[in-house]
2 protein chains.
Amino acid sequence: MKSVEAWKRKMLKNPAFRKEYDALEEEFALANELIGARAKAKLTQAQVARRMGTTQSAVARMESGRKLPSTASLVKYAAATGHKVEIRLTKAR
Amino acid sequence: MKSVEAWKRKMLKNPAFRKEYDALEEEFALANELIGARAKAKLTQAQVARRMGTTQSAVARMESGRKLPSTASLVKYAAATGHKVEIRLTKAR
DNA sequence: ACCGTCTATCGCAATTCTGATATATAGCAA
DNA sequence: TTGCTATATATCAGAATTGCGATAGACGGT
């Protein structure tokens, strides 16, 4: 067992940290969606960027998960990788 | 058959209009998701607004479909109505 | 080691969205 | 009609995101 995992389990018991973590998880999940979509399309960031009408650095930023991208950007990114965006509000766990 | 429907079918054959229409459809679909989530929660715009830490007018704007709300706002809105946001990039039709 | 390709990050101006207030409209009940 | 509640719209300053160039790191091939 990796010590990082132990640390994570312990920290998640802290409510304050937990809140932060959940918010971050949102961003990471989204970043994975993006990277996965681009991988399926077999395109580089630069190629997606050109199709979106923007630059490679902007695409890298979206995939970094350091910022939540706008809905408009998501739609453009999806189109560039041959996908469409689906946004659902499902019952919270 | 309503004449509006006939007009719509005809217009959708126009590629330029079609593009506009698809973009709008995106926003309307999202607005419906939001309104539906709030209806299930049986909350008013003002109640959701207070839970989101914003005002009734901001909630109305999100649901109007006249602007694409930010991802951050979607997350807050979902939480306020007892939901969570799911964003998926699926194969384009 | 050098080169070419792909990705990550920084800083700043420009664009877009948000928060807030005020006001308008619609429906309903007394 | 009056009053009350819920929703819609306008405006504007402030906040957040984007576009862009420059640059650095990572990786594989020669």
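Quick note on labels: first sequence line is chain A, next is B, and so on, each numbered from 1.
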### Task
Just compare D:dT9, D:dT18, C:dA20 and give me whichever is closest to any side-chain atom of B:Ser64.
D:dT9
### Task
Would you mind telling me which of D:dT7, C:dT9, D:dA10 lies closest to the side-chain atoms of B:Arg66?
D:dA10
### Exam field: side chain B:Glu63 to backbone B:Ala60, donor-acceptor pair closer than 3.5 Å
no
#### Entry: Nearest-nucleotide pick for B:Ala60, side chain only, options being D:dT9, C:dT9, D:dG19
D:dT9
### Message
Quick check against the 3.5 Å criterion: does A:Gln56 have a side-chain atom that pairs as donor or acceptor with the backbone of A:Gln45?
### Response
no
### Task
Report the nucleotide, chosen from D:dT18, C:dT18, C:dG19, that has the shortest atom-to-atom distance to any side-chain atom of A:Arg61.
D:dT18
## Note on the structure
A:Gln45 atom CD is separated from D:dT23 atom P, nearest whole Å, by 20 Å
#### Entry: Distance in angstrom units between A:Arg38 CZ and C:dA8 P, rounded
7 Å
### Message
Measuring from atom CG of B:Leu30 to atom CZ of A:Arg88, what distance do you get when rounded to the nearest 0.5 angstrom?
### Response
10.5 Å
### Task
Describe the nucleic acid contact of A:Ser57 in one word from base, sugar-phosphate, nothing, applying a heavy-atom distance below 4.0 Å.
base
### Query
Hey, does B:Thr44 reach any base, or is it just sugar-phosphate, or nothing, if we go heavy atoms under 4.0 Å?
sugar-phosphate
### Task
Can you tell me the distance, in whole Å, between the CG atom of B:Leu68 and the C1' atom of C:dC17?
11 Å
#### Entry: Side-chain donor or acceptor of A:Thr54 paired with backbone N/O of A:Arg50 under 3.5 Å
no
### Query
Whole-Å distance between C:dT23 P and B:Gln56 CD?
15 Å
### Summary
5'-most contact on DNA chain D (nearest-nucleotide basis), B:Ser70 vs B:Ala58, goes to B:Ala58
### Task
Among C:dT7, D:dT18, C:dA20, find the nucleotide with the atom closest to the side chain of B:Thr54.
C:dA20
### Task
Please work out if A:Thr55 contacts a base, only the sugar-phosphate, or nothing of the nucleic acid, heavy-atom cut-off 4.0 Å.
base
### Query
Between atom CE in B:Met52 and atom C1' in C:dT18, what is the gap in whole Å?
10 Å
### Task
Return the value, rounded to whole Å, for the distance between atom CG of B:Leu74 and atom C1' of C:dC17.
12 Å
